[in-house]
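Here is the structure we will look at, set down as structure tokens.
Just follow the structure's listing: the first ligand is 1, and inside any ligand the first atom is 1. All values below come from the heavy atoms of this structure, side chains included, with hydrogens, waters and symmetry mates left out.
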Amino acid sequence: MNALRKHRISMKTFSAISNRPVKHLYSAVVVVCFLMASMTFLAADAKGQLSEEAIRELVSEMTLAEKVGQMTQLTIQPLSEVKGFPGTAFKVDSSLLREAIVDRHVGSLLNVYDMAMTTAQWEKLINEIQDLAINETKHGIPVIYGIDAVHGNNYHVEATLFPQNLGLAATWNADLVGAVSRQTAEETRSLGIPWNFAPVLDVGRQPLWSRFFETFGEDVHMATVLGRASITSQQHVTPDGFATVAATGKHFLGYSLPLSGKDRTPAWIPERMLREYILPPFKDAIDQGLLTMMVNSGEINGEPVHASHRILTELLKEELGFKGIIVTDWEDIAKLHASHRVAESFKEAVRQVVEAGVDMAMVPYDYTFTDALIELVQEGVIPESRIDESVERILWVKSKVGLFANARPKPDANIWTNGKALSLEAAHESITLLKNENGILPLTGTEAILLGGPGADSKTFTHGSWSYTWQGIERDAYPESIATFKDKMEAGFSAVAYLPWDEHQDPDKVRALSHRAEVVVLALGEVPSVEKPGDIESLELAADQVEMARTVVESGARLVVVLFQNRPRIIRQIEPLADAIILAYQPGPEGAGAVVDVLQGSVNPSGHLPFTYPRFSGSIVPYDYKWSENADILFGQDAINPQYPFGWGLSYTDFEYSNLKVDSKAFTATGKLMVSVDIANTGDRDGMDVIQLYSRDEYASITPSNKRLRAFRKVSLKAGEKSTQRFELSKADLSFIGRENVSVFEPGAFTIMVDDQSTTVDLR
Ligand code: BGC
């Protein structure tokens, strides 16, 4: 009966049927007849894509409950029997799963139960889910499963983890970000998971925020370029014609700028600022075909984004033309009632989000959303056509990722080792040498070294959150095979003594041990955390760590500091004490070894800061500050005094820039401005540098920034090698959001800058 119904609907729904194992001869006959009858059309969907027309037809055949089920996303936890903590086997509760998929028509599931799983566990879980969805529901629509593979497929025990986004941004290497994202997507998809809630496209301009490490740093151009690399690589079209996974732009919009710095607290962002600094990475992602968008849990200007028709429908769907799924963030409908207090009841909150434009609710524990939405439609509060619009979007994304052609895992035993070298390469390129005095680095290898600090023997410090578990702090969840910094230091250097970390370290012991060492390497930073658990009161580095650095230096030893941290912790007090400082971010499983390679000199560091490293907690000023922020200039003082500026990063070789030229003193006929600059490696080692091209609009009707990053490129030069690098800028690159909140180009003087070179052109 069902197969016949489908036959009648459209040949396009064949793909849904074809996903099922044909169990009965009857079905087989129907499918064959169907195939023959549809031969002339098959070319269009032989690959299992549903056309818009087929999607509309399918939706028209669905009941209200089936449609609202598609809009419901549950986490796997309430459907599980056994929590997956280390040492136990995760087990889904089959009857609860059946209830969700068959009886309640749930269209999407997410996450794991507190523990990364094995390939066999994922295979079993996804197959069980898709067996129910494809074989036992009327329309056979597969479930779309999503996870947070934010720095690698972290919910698999053998997954390749990479540096966190902030470290990836420090590579200033979009190709590398692309390669990392593609590996992540392929690993994720091999398990039958076609949806990754990444990348974070929020700009990191509030370093207190607990998700700073998930951003690509403070600059909007950089977040746009690296976000694009991530999205296009994750959604890379396979030979079958489908996106490898659906990427998610998150979190739309303005999540990263809470005024207090605390997660999910109010942001006040004027429209001009939103459009100038926050919106561009999301807009670009949509232009690249981004398939899904997750909503900011917080509020902007007093309006929770989940309830904002203006932001979700007028801006995102209508103005930006977003065609994919808008999914809520975790439990955010309930929060409109319980925490934001804009809805007097949960049901009213459901009305608000659906009317605002949300397509799918990450509920995620129960059917409260499902029931409330069905009621709202039955009561005539929400028109069924509004539901249809969301379901069409959901089915369109399911089709784009090929779920109708293949919803099953395709495990590949080799895939887990493919990314290891890439992870090491990314860690190498991320490591940022902030200070290196008196030629202390690279070390000779024969020094007597004392190693200490809370990050020295810690897998969690080097990984950060979203590593095997949400917070990433459960040591037992990490594979045995991952080396700590201590392991790598002991393997890489001949004379390493280790001082285990203790918050109440005996200073005499530290002094005595340091006295015996020539160099003390301290691995400092912070225990990983994310979201609410990551809220902090101050950016200061913990006092016990500062104290330890002081004690070490009192003993006369030379100090090398290695920082593993979520965000820039203030190091003003220890910076003058250290001969060298390495910022390692949270570099992932190969990161400890990568730092040792830099300390030894087998790798020449090439990371550059993707944010301004503040010197004081109370002085958070991004590199693209306005002139008035440096008002003390009137009194002869420079008020802009970061610990290290945006773009900073040392190398073991020297680079010199010369000959910066704007080759055309006006825009060419094609609207381009041609810029060239020479770069030379004048040192005696091969190395990589990042060409950072900035512009300054000298005078404008909206106060101009002192400079803005417009282009960047990482180049590799052998010792003594020289190269000419060319860039093209367009009017759009030199425009800004003007008085009417739209992009404008104002003619006048522009200064173009690369390193110590600059030239001013009058552009008309
Ligand atoms: C986070 C999202 C994440 C989601 C699913 C939320 O708490 O804010 O970024 O994708 O959980 O795990």
Worksheet, complete the sentence: Rounded to the nearest 0.5 angstrom, the CZ-CE distance for Phe216 and Met222 is 9.0 Å
Worksheet item: Could you walk me through whether Thr248 and Thr292 pass the side chain to side chain donor-acceptor pair (under 3.5 Å) check?
Response: CA-CA 5 Å; Thr248 303; Thr292 75; 2.7 Å; yes
Discussion item. I'd like to know if Glu218 and Arg567 make a salt bridge, using a cut-off of under 4.0 Å between side-chain N and carboxylate O.
Written reply: no
Fill in: Under-4.0 Å salt bridge between Glu355 and Arg351
yes
N/O pairs closer than 3.5 Å, ligand 1 and protein:
{"unit_1": "ligand 1", "atom_1": "7 (O)", "unit_2": "Arg264", "atom_2": "NH2", "d": "3.2"}
{"unit_1": "ligand 1", "atom_1": "7 (O)", "unit_2": "Glu531", "atom_2": "OE1", "d": "2.6"}
{"unit_1": "ligand 1", "atom_1": "7 (O)", "unit_2": "Glu531", "atom_2": "OE2", "d": "3.2"}
{"unit_1": "ligand 1", "atom_1": "8 (O)", "unit_2": "Arg211", "atom_2": "NH1", "d": "2.7"}
{"unit_1": "ligand 1", "atom_1": "8 (O)", "unit_2": "Arg264", "atom_2": "NH2", "d": "2.9"}
{"unit_1": "ligand 1", "atom_1": "8 (O)", "unit_2": "Asp329", "atom_2": "OD1", "d": "3.4"}
{"unit_1": "ligand 1", "atom_1": "8 (O)", "unit_2": "Asp329", "atom_2": "OD2", "d": "2.5"}
{"unit_1": "ligand 1", "atom_1": "8 (O)", "unit_2": "Glu531", "atom_2": "OE1", "d": "3.4"}
{"unit_1": "ligand 1", "atom_1": "9 (O)", "unit_2": "Arg211", "atom_2": "NH1", "d": "3.4"}
{"unit_1": "ligand 1", "atom_1": "9 (O)", "unit_2": "Arg211", "atom_2": "NH2", "d": "2.8"}
{"unit_1": "ligand 1", "atom_1": "9 (O)", "unit_2": "Lys250", "atom_2": "NZ", "d": "2.9"}
{"unit_1": "ligand 1", "atom_1": "9 (O)", "unit_2": "His251", "atom_2": "NE2", "d": "2.8"}
{"unit_1": "ligand 1", "atom_1": "10 (O)", "unit_2": "Asp148", "atom_2": "OD1", "d": "2.5"}
{"unit_1": "ligand 1", "atom_1": "10 (O)", "unit_2": "Lys250", "atom_2": "NZ", "d": "3.0"}
{"unit_1": "ligand 1", "atom_1": "11 (O)", "unit_2": "Asp329", "atom_2": "OD1", "d": "3.4"}
{"unit_1": "ligand 1", "atom_1": "12 (O)", "unit_2": "Asp148", "atom_2": "OD2", "d": "2.5"}

Worksheet entry | Arg569 bridged to Glu526 by N-O distance under 4.0 Å | yes
Discussion item. Once side-chain contact (heavy atoms from CB on, under 4.5 Å) is applied, do any residues pair with Glu331, and if so which ones, sequence neighbours excluded?
Written reply: Lys335, Pro364, Tyr365
